[in-house]
Amino acid sequence: MAAGAGSGRTMSSTFLPVRFWLLMPSWLIIGFFLALPVLLMLVYSFLTKEFRGGVIWEPTLAAYDQFLFDRGLFGDDPPQIEWKYISIFLRSIFQATGATILCLIIGFPTAFFIATRNENTKVIWLFLVTVPYWVNLLIRTVSMKFLIRDSGPLNELLITIGAIETPLKLINTNFAVQLGLFYSYLPFMVLPIYAALERYNFTFSEAASDLYAPKWTILRQILIPIIKPGIIAGCILVFVPSLGAFLAPDLLGGAKTFMIGSLIEDQFKGNAGNWPFGAASSMILLSLVMIVLIYYARAQSKEQV
Amino acid sequence: MEKAFNVKQYNGFYFITCLCLFILYAPLLIVMIYSFNDSLSITRWGGMSLRWYYEVFYGLESEKFKLAAWNSLIIALMAATIATIVATAASIGMVRGGHFKGKSASFGLISLPIMVPEIVTAVATLIFFSAISFKLGVLSILVAHIVFCIPFAYLPISARLQGIEASYEEAAQDLYANRWKTFWHVLMPIMGPGIISGFLLGFIISLDDFIITNFVKGAGVETLPTAIFGAVKQGIKPNIMALSTLLLLFSVFLVTLSYFIGRKGNNLKTNK
Amino acid sequence: MFLRTIFTSLIILLTANFAYAGGKLSVYHWFEYMPQELLDKFESETGIDVTMDTYDSNESLLAALKAGKLGSYDVAVPGDYMVEILAGEGMLDTIGDSELKNKGNIEPQWIEASFDPGRKHSIPYQWGSTSFSVNRDVYKGNINTTDIIFNPPDELKGKINVLDSQGEVMALGSLHLGIPQCSTDRDQLKALDSLLQSAKTHWASFGSDIAKDVLVSGDVAVGMIWNGFSSKAREEGANVEYSYPDQGYVVWMDNVVLLKDAPNRQNALIFMDFLLEPENAAAVTNYAQYNAGVKGVTKFLEPALATMPENNPREGAGPGAFVAVCDQETQEVYDQMWTRLRS
């Protein structure tokens, strides 16, 4: 925004005196109905679990202890590192990474292709890529489930044309979850990369090609480093929501292998009923997301300097 | 000057783009096609028919889905409206407020709903409502929706406002217009496209939400996504496909609308 | 114009939120367990407007009530052991002696139910059994053993869906091992834990609401399931056979309970009386294909129900057992096991 400051100012004395009144409603609403609940959750994560759901107001570290240490079935074995929940987090990170990579592999060329069209066709391509995002996420996930199930249209088609003999086992696999996440968040990858490419000056590439640089080298050594902030933004926009996703693992993964979202959900809605543990898991997820975001904000402000 | 190749063209990128669109649209198209399937079984094709659309509107479950659709619409409309008003005020406060202490904290607070993972928001809101004995119902859904709609409305509105020079307001002030008149007659018309796309964004986001709604909804209250989720768990029935197709067309209509409004706004900007 | 629309919506919304004082009834029920026609009949007979939400396991009913839903619903339909748990948590209201005029329609054997002696909080809804069904196109061998679930033959590995229901899975596992439910013996609990852990590697998915669909669609070849739900799967075209294993199976009874702080207590009682009418109880049975615990239903039942294989344990099948309610110490071990199993 620094460039705009010279030509047209965006600051005026008109609304300056009332700025806090203008901001107050949003502060109050979000502060009371989101920031406060999240703080309450933080408090809950340090409370004692009540038998059959709920909390007792006695401070304890039991929830975090349960997350990190395995004390056996009866809770009196010597503590060992508990890999179960760590591995749920690692699995979620793995799935989210898989989805991010899928999005990048498909999204980068697509964004590149769109950015290099002429002005009129560009908008049409862009429109085509973004429309599915506006279709209800649930409907998209269900459609995907229907398409890839064992006796679904995809397998039937492949069997009919003779490509395979037995149905591909796609549903209830890690890949299905990644595919679902990819499908959910692809536009988040395409748009920032596209925006970065829009600002990219293709004369850099031309100059390099005049110097007989090979085509893929230009892409790798000139274009990608310049639009890197766009790529990173895209990766974060896909990675962060994928991490806490609930629908894709639940509908496409058969709800057998938990991701963080299902683990948290189960503590409040399902059979497990351990509120402090659910709160602690939420806090760990939230910290993870915040670390990624802060890292990104740092990297960006460095970039600008 | 003859070049060996075009730096804007890479082999395979066109193919990947087509593949990308194929992956995006194939599941939706399949569902659309199968919603016209006359057969009771969803996997066998039994000829073209509109019976499942009839089922959506007049079938046994139609009451439930109509009520859910009505709830969804009302909630989305109200949440988007309130969020848009709040976000418009916040945009002016942020963009026109100059520098003040805690500005980035304020920005952080406004964008908090986007940063906190949905499942965490859902659970936190639920235990908060339960702790303050806030009765779960339509109102609890509405409140939760307003919260996460605010940042989505805020982004396009503040982006638009940043592109508008302050001289408009100053001119109005010089002509002794008060603050409200300045906003209503000068700023608001120019901000229009931004406000509308902010509203539409909030509207769609609210219509789309499943996880948070599922946690904070009260007894007997369903929105379309929660009703559909309940139904598909027991099997993807053809009437759900018909309903999905209708909802899909509605979303496409909305996004097309917002696209054209946005384009009109952009044209205004460049013609200025 | 726009503002007026919003204003109108606001009024509708607020009235919708507070209008329950009149002729309303809020039901919290299992999914796919109540025929719409019967609800319509109730509404037209009584003028009471029914709204129904659904859940998919006894435990998630408990969780929802714990998380602030108590006070919004009038009636729910927990299974036997959950009636006992809810009563113990003080979440149920007491039905007065003369408040139900059709109470006499309850079959005598279900009046003195162990989970609600004297029927102070509940009336019978349906009873049936839980075991599993096998797709006979995929597997032709012997299915009269719980090995199918817990130690499956190679053909069935990775093609099994298990109910997302702690009580029933634990009970069936205990039957498989031949140990008592809610055992306090550490070795037995450890054996149960390792059984579940090893069996899990052969299971494809967990889910109750999907239990019928995965069998019909062919996503799995074996599904832990309730008997009536299995017969519906068979009617929808799946070639499945319901097993009554040698080791035994789970028996259950779902019951309509009067919840504490019910907003429409009187209408809830009217609803219970309605469901105790033989004709209406039979309508539920015809739909869900279990058994009613109500006298005089036989003449309203579809004849096919009496002879269907899912409702008639084979000669030589193991005994049926209700899910037991464990004490806190054992239940906490069970919870631990379940969490390890599910995540």
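Excluded from the calculations below are hydrogen atoms, water molecules and symmetry mates; all remaining heavy atoms, backbone and side chain alike, are included. We name chains A, B, ... by the order of the sequence lines, and we start the count at 1 in each one.
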Show your reasoning for whether side-chain contact (heavy atoms from CB on, under 4.5 Å) applies to B:Leu207 and A:Asn136. CA-CA 8 Å; B:Leu207 216 53; A:Asn136 198 298; 5.9 Å; no
Go through A:Phe268 and B:Phe215 one step at a time and tell me if the ring pair (Phe, Tyr, Trp, His ring centres under 6.0 Å) criterion holds. CA-CA 9 Å; A:Phe268 293 92; B:Phe215 268 85; 7.2 Å; no
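Note on ring orientation: taking the six-membered ring where Trp is involved, the planes of B:Tyr14 and A:Phe113 are tilted (angle from 30° to 60°).
For B:Ile146, the part lying under 4.5 angstrom from a heavy atom of chain A is the side chain only. Interface remark: B:Phe183 contributes backbone and side-chain atoms alike to the contact with chain A (heavy atom separation under 4.5 Å). Residue contact with chain A, scored on non-hydrogen atoms closer than 4.5 Å, is absent for B:Ser91. Both the backbone and the side chain of A:Val135 come within less than 4.5 Å of a heavy atom in chain B. For A:Leu186, the part lying near chain B is the side chain, with the backbone staying farther off; criterion is any non-hydrogen pair under 4.5 Å. For A:Ala213, the part lying under 4.5 angstrom from a heavy atom of chain B is the backbone only. With a 4.5 Å cut-off on non-hydrogen atoms, B:Asn214 touches chain A through its backbone and its side chain both. For B:Val31, the part lying under 4.5 angstrom from a heavy atom of chain A is the side chain only. For chain A, the nearby parts of B:Leu109 are the backbone and the side chain; heavy atoms of each come within less than 4.5 Å. For B:Ile211, the part lying under 4.5 angstrom from a heavy atom of chain A is the side chain only. At a 4.5 Å heavy-atom cutoff, A:Pro241 makes no contact with chain B through either its backbone or its side chain. Only the side chain of B:Leu187 comes within less than 4.5 Å of a heavy atom in chain A; its backbone stays farther off. At a 4.5 Å heavy-atom cutoff, the contact between A:Leu147 and chain B is made by side-chain atoms alone. With a 4.5 Å cut-off on non-hydrogen atoms, A:Ile148 does not touch chain B at all. In this structure, chain B has a heavy atom under 4.5 Å from the side chain of A:Met290, while its backbone stays farther away. Only the side chain of B:Val143 has a heavy atom closer than 4.5 Å to any heavy atom of chain A. Interface remark: A:Phe108 contributes side-chain atoms only to the contact with chain B (heavy atom separation under 4.5 Å). Contacts between A:Lys269 and chain B at a heavy-atom distance below 4.5 Å involve the side chain alone, from C-beta outward.
Note that OG of B:Ser244 and CG of A:Leu138 are 7.5 Å apart. Values are rounded to the nearest 0.5 Å. Between A:Ser26 atom OG and B:Ile110 atom CD1 the span is 4.0 Å, to the nearest 0.5 Å. A distance of 4.5 Å separates CG in B:Leu19 from CD1 in A:Ile106, rounded to the nearest 0.5 Å. Annotation: the span from A:Met189 atom CE to B:Cys20 atom SG amounts to 11.5 Å, rounded to 0.5 Å. Here CD of B:Gln9 is found 6.5 Å from NZ of A:Lys215. Values are rounded to the nearest 0.5 Å. Between the CD1 atom in B:Ile30 and the OG atom in A:Ser143 there is a gap of 10.0 Å [rounded to 0.5 Å].
For B:Tyr34 and A:Phe146, the distance between ring centers is under 6.0 angstrom.
Heavy-atom minimum distance, A:Ile29 versus B:Val86: CD1-CG2, 3.9 Å. Of all non-hydrogen atoms in A:Met41 and B:Ile127, the two that sit nearest each other are SD-CD1, 3.6 Å. When all heavy atoms of A:Asp250 and B:Phe229 are compared, the pair lying nearest together is OD2-CZ, 3.5 Å. Closest non-hydrogen pair, A:Pro37 versus B:Thr125, comes out as CB-N, 4.2 Å. Of all non-hydrogen atoms in A:Gly244 and B:Ile119, the two that sit nearest each other are O-CG2, 3.8 Å. B:Leu28 and A:Pro132 get closest at one heavy-atom pair: CD1-CB, 4.3 Å.
Between A:Tyr44 and B:Phe128 the shortest side-chain heavy-atom distance does not fall below 4.5 Å. A 4.5 Å side-chain heavy-atom check between A:Phe33 and B:Phe148 finds every atom pair outside the cut-off.
Side-chain N or O atoms of B:Asp208 include one that pairs as donor or acceptor with a backbone N or O of A:Leu137 at under 3.5 Å. Between the side chain of B:Tyr10 and the main chain of A:Trp216, no donor-acceptor pair closer than 3.5 Å is present. A side-chain donor-acceptor contact under 3.5 Å links A:Tyr183 to the backbone of B:Leu24.
Each of A:Leu128, A:Leu154, A:Val190 has some count of heavy-atom pairs under 4.5 Å with chain B, and the biggest count is that of A:Leu128. Considering only heavy-atom pairs separated by less than 4.5 Å from chain B, the leading option among A:Tyr212, A:Tyr133, A:Phe32 is A:Phe32. Top candidate by heavy-atom pairs under 4.5 Å with chain B, chosen from A:Ile30, A:Leu36, A:Leu243, is A:Ile30. In terms of non-hydrogen atom pairs under 4.5 Å with chain B, the most contact-rich of A:Val289, A:Leu42, A:Val240, A:Leu34 is A:Leu34. Of the listed residues A:Phe182, A:Phe202, A:Trp275, the one with more heavy-atom pairs under 4.5 angstrom with chain B than any other is A:Phe202. Of the residues considered (A:Val129, A:Thr130, A:Ile114, A:Leu39), A:Val129 shows the highest number of contacts with chain B, using heavy-atom pairs under 4.5 Å.
Side-chain contact annotation: A:Trp125 with B:Thr17, donor-acceptor N/O pair under 3.5 Å absent.
More than 12 heavy atoms of other residues, nucleotides or ligands shown are found within 6.0 angstrom of CZ on A:Phe127.
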